[in-house]
Amino acid sequence: MAKGHIIAHDMDRIARFGDASAAVIGEYGGSVLVRDRDPELRDGKVTGISVVVAFGDIATARAFYESQSYWNAKAIPEAATNTDLHVVEGV
């Protein structure tokens with residue numbers, strides 16, 4: 001079965017969100033595969049931290065994203081961030 005992943009690229013500060021979301025990621029059995037505060041931009045315009053979180057499958061990744069716990073954590077930096085977030089199925 002293919003893994004599910006959440007990929008986030010943030011243009012602003014997101015440290016407080018990372019702290020708040022860690023417990024929620026754990027609730028859904030997720031693990032952070034990538035957290036790079038200064039990724040090397042080759043194409044596009046999004047700059048800032050890049051994060052990849054892996055879950056057991058795509059359904060769990062979606063359940064994490066749709067959970068009230070995630071949205072409570074997400075509300076912390078909401079006014080100050082501009083995040084691109086993708087839910088993707090792994091290979």
Side-chain angles (χ1 to χ4, degrees):
M1 178 184 303
K3 301 254 186 224
H5 297 81
I6 300 282
I7 303 171
H9 306 280
D10 192 289
M11 297 173 67
D12 298 305
R13 291 173 287 149
I14 198 166
R16 289 188 307 153
F17 171 70
D19 295 339
S21 65
V24 183
I25 291 168
E27 277 180 45
Y28 286 84
S31 60
V32 176
L33 299 180
V34 174
R35 182 182 296 121
D36 189 341
R37 295 191 181 279
D38 190 24
E40 186 175 323
L41 181 64
R42 294 292 180 108
D43 291 308
K45 297 178 182 176
V46 177
T47 59
I49 191 169
S50 290
V51 179
V52 177
V53 180
F55 295 92
D57 53 50
I58 193 72
T60 304
R62 288 181 180 127
F64 161 80
Y65 179 79
E66 295 165 1
S67 73
Q68 187 61 52
S69 297
Y70 170 74
W71 282 90
N72 290 344
K74 188 176 184 322
I76 292 170
E78 190 76 355
T81 62
N82 183 7
T83 301
D84 290 331
L85 189 135
H86 308 273
V87 177
V88 298
E89 190 167 16
V91 293

Worksheet item: With I58, which residues qualify under side-chain contact (heavy atoms from CB on, under 4.5 Å), at least two apart?
Response: R62, V87, E89
Item to complete: Please name the pair of heavy atoms, one in A2 and one in G90, separated by the smallest distance, quoted to 0.1 Å.
Response: CB-O, 3.2 Å
Discussion item. If you compare all heavy atoms of A61 against all heavy atoms of I6, which two are closest, and at what distance to 0.1 Å?
Written reply: O-CD1, 3.8 Å
Item to complete: Determine, using the 4.5 Å side-chain heavy-atom cutoff (strictly less than), whether I49 and V32 are members of one ILVMFWY cluster.
Response: yes
Discussion item. So which atom in S31 and which in I25 form the shortest heavy-atom distance, rounded to 0.1 Å?
Written reply: N-CG2, 4.0 Å
Worksheet item: What pairs with D57 under side-chain hydrogen bond (donor to acceptor under 3.5 Å, both in side chains), at least two apart in sequence or on another chain?
Response: T60
Discussion item. With a 4.5 Å cut-off on side-chain heavy-atom distances among I, L, V, M, F, W and Y, is there a chain of contacts connecting V53 to V88?
Written reply: no
Practice prompt. Measure the acute angle between the ring planes of Y70 and Y65, then classify it against the limits of 30° and 60° as parallel, tilted or perpendicular.
Written response: tilted
Item to complete: Specify whether Y28 and F64 have parallel, tilted or perpendicular ring planes, treating 30° as the upper limit for parallel and 60° as the lower limit for perpendicular.
Response: perpendicular
Worksheet item: Atom CZ of F55 and atom NZ of K3: how far apart are they, to the nearest 0.5 Å?
Response: 11.5 Å
Worksheet item: What pairs with E66 under side-chain hydrogen bond (donor to acceptor under 3.5 Å, both in side chains), at least two apart in sequence or on another chain?
Response: none
